[in-house]
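Only one structure is covered here, and it is reproduced in the block below.
Quick note on labels: first sequence line is chain A, next is B, and so on, each numbered from 1.
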Protein chains: 2
Amino acid sequence: MWNPGRAKSRALITKVDGALLMAQNQGMAQTPRERARLQTMDEILLIGRRHLVLHGAAGLSLRAVARDLGVVSSAVYRYVKSRDELLTLLLVDGYNALGDAVDLAVGRVPADDFPGQFRALGRAVREWALAEPARYGLLFGSPVPGYDAPAEQTTGPGTRVIARLVGILEGAYIVRHGAGAPAGGAADAGVVPAPGHILAADFRAIRAEWAITADDEALARGVLAWAAIFGAVSFEVFGQYGKATFRDPAALFEVQLDILAGTAGLS
Amino acid sequence: MWNPGRAKSRALITKVDGALLMAQNQGMAQTPRERARLQTMDEILLIGRRHLVLHGAAGLSLRAVARDLGVVSSAVYRYVKSRDELLTLLLVDGYNALGDAVDLAVGRVPADDFPGQFRALGRAVREWALAEPARYGLLFGSPVPGYDAPAEQTTGPGTRVIARLVGILEGAYIVRHGAGAPAGGAADAGVVPAPGHILAADFRAIRAEWAITADDEALARGVLAWAAIFGAVSFEVFGQYGKATFRDPAALFEVQLDILAGTAGLS
DNA sequence: TAATTCCTGAGAGCACCGCTCTCTATTAGT
DNA sequence: ACTAATAGAGAGCGGTGCTCTCAGGAATTA
């Protein structure tokens with residue numbers, strides 16, 4: 001892919017794509033130098049995103065980004081400390097894009113229709129993943145070796161989907177059980193056996209952290225539904241089903257959502 | 001990681017690890033040259049596997065393998081066409097290792113205890129994945145960009161686990177419904193709505209290909225259970241749950257297996 | 001046994017990668 | 001107008017995948 005006759009133009013950014021990032025970073029632009037700096041940062045992120053889509057996470061190269069930017073490779077190190085830092089920026093960017101898609105889709109459903117919200121969340125995740133397989137792979141695929149995402153920047157955006165799911169499932173739980181809640185440990189004898197000490201404590205901690213009332217079984221089923229949604233999406237995006245097994249994967253996913261809605265206690 | 005003072009020894013292979021591969025390749029060793037060639041191939045695979053474990057799929061380097069082999073980098077190209085081909089070999093190797101682990105675990109359970117076999121399969125997958133996260137990532141993580149596995153070498157070993165799962169679920173289905181089977185299309189009106197034309201045809205094709213009798217809903221639930229098992233394992237192995245959320249992930253997985261056994265129609 | 005073919009490994013080389021360093025020109029702020 | 005900060009250029013180091021040519025030795029054939 002060596003292209004010596006490459007144009008040195010900087011005007012590779014599509015206006016529509018750029019708009020989102022520009023807006024978030026250039027809200028307070030003091031000095032003209034700072035403005036230029038932020039703009040370059042956004043350009044780097046934009047180019048990086050495009051490279052991610054085209055060549056995947058492992059193929060992300062700062063030198064190639066520099067070429068697209070119309071600049072020598074060492075110059076980008078003025079803006080980004082390392083390749084891994086750019087990866088982190090793109091990771092956060094991806095989490096937020098997915099979170100936005102999910103929020104938008106769930107927000108369209110009436111606030112009291114929790115099964116509908118659950119399905120909307122699932123569909124949004126699947127559709128975003130299919131539209132952006134490389135970014136999805138960066139977020140939920142095998143971690144890039146030698147790189148672990150800095151939690152302080154990542155956990156926030158990275159928990160937006162599960163936060164939304166928790167809200168939906170808790171809402172449905174309250175509808176089923178009333179707002180009063182069992183208050184105590186709530187170790188029901190349902191299909192799920194009473195979990196051992198540590199797991200019960202973990203569930204208690206989760207209840208406290210998220211300020212929810214759902215009992216252990218509801219929590220376990222919620223965690224399973226969460227993992228199952230992403231498992232199904234990953235299987236489809238990563239091609240684990242095989243090429244021609246399911247010719248209408250969307251229909252399969254709808255059926256899977258139906259089953260999962262049942263296991264998660266949504267109608 | 002530049003190590004100029006590296007010993008040029010070839011004796012890096014542990015006997016116990018090597019034994020398996022040796023056996024399968026050197027069954028028919030004709031000329032001494034062929035014997036030497038196969039042995040070198042096995043060594044390369046062994047070293048590649050070790051590098052995979054240590055540095056991950058993206059960090060797999062033919063030059064590093066050559067160094068460990070005590071040979072100049074161009075020499076390994078006599079045995080392996082490209083880095084991607086080595087990756088394919090390791091992929092097949094990994095699928096077989098996982099398949100062996102699953103077969104062993106399921107084989108320990110009585111032949112008529114389908115719920116037990118289901119749980120054993122799930123546990124085997126999880127334990128293998130935790131023991132070999134890099135290999136698991138190669139198999140079920142984001143696909144290496146620019147590389148797609150050649151189906152003719154991959155599909156065979158790659159379908160061992162799902163084949164085993166299909167056997168278990170079909171066995172349980174027969175126990176529930178009798179061996180006679182509904183024969184026809186079997187579009188039950190269960191929790192799952194009757195799937196559309198294409199999905200129903202896909203299910204029919206699956207029934208024919210695997211020579212099974214399970215109806216559409218059972219198949220859908222089986223596919224979901226499959227995806228959910230790997231979703232849960234991937235979440236744990238890839239660290240999606242967060243660092244300290246679940247301090248006893250094994251217990252969580254047991255609960256998830258319980259729920260999944262229910263959704264898949266096992267007891 | 002002698003001649004010939006074949007195979008293996010060595011070495012050089014190309015284009016790429018991440019990253020560091022120094023140097024220069026431009027720009028901003030006093 | 002002068003000084004200080006900053007951005008970019010360029011060279012360089014060690015690494016990567018992969019290709020090519022060449023020499024030595026082993027196996028096969030005459």
For A:Ala75 and for B:Arg63, find the nucleotide of DNA chain D with the closest heavy atom, then tell me which residue's nucleotide is more 5'.
A:Ala75
Regarding A:Thr159 and A:Tyr95, do their side chains bring together a donor and an acceptor under 3.5 Å, going by distance alone?
no
Round to a whole Å and report the spacing from [atom1] of [X] to [atom2] of [N].
X: A:Leu69; N: D:dA9; atom1: CG; atom2: C1'; answer: 14 Å
X: A:Leu62; N: C:dC17; atom1: CG; atom2: P; answer: 10 Å
X: B:Glu43; N: C:dG9; atom1: CD; atom2: P; answer: 10 Å
X: A:Arg78; N: D:dA9; atom1: CZ; atom2: P; answer: 11 Å
X: A:Glu34; N: D:dT6; atom1: CD; atom2: P; answer: 10 Å
X: B:Leu86; N: D:dT16; atom1: CG; atom2: C1'; answer: 14 Å
X: B:Tyr77; N: D:dT21; atom1: OH; atom2: C1'; answer: 17 Å
X: A:Leu38; N: D:dT6; atom1: CG; atom2: C1'; answer: 15 Å

Give me the ring orientation class for A:Phe246 and A:Tyr241: parallel if the planes are under 30° apart, tilted from 30 to 60°, perpendicular past 60°.
perpendicular
Check the angle between the aromatic planes of A:His55 and A:His51 and answer parallel, tilted or perpendicular using the 30° and 60° thresholds.
tilted
What's A:Ser82 touching, base or sugar-phosphate or nothing? Going by heavy atoms closer than 4.0 Å.
sugar-phosphate
On the side chain of [X], is there an atom forming a donor-acceptor pair with the base of [N] - under 3.5 Å, no angle test?
X: B:Ser61; N: D:dG17; answer: no
X: A:Arg83; N: C:dG18; answer: no
X: B:Ser73; N: D:dG17; answer: no

C:dC17 OP1/OP2 closer than 4.0 Å to side-chain N/O of A:Arg67:
yes
Within the pair B:Tyr79 and C:dG9, is there a side-chain N or O less than 4.0 Å away from OP1 or OP2?
yes
Min side-chain heavy-atom separation B:Leu87-B:Leu138 under 4.5 Å
yes
Does a side-chain heavy-atom distance below 4.5 Å link A:Leu52 with A:Arg135?
yes
When you get a sec, tell me which of D:dT16, C:dT8, D:dA11 is the closest nucleotide to the side chain of B:Arg37?
C:dT8
Selected nucleotide, minimal atom distance to B:Val72 side chain, candidates D:dA7, C:dT8, C:dA10
C:dA10
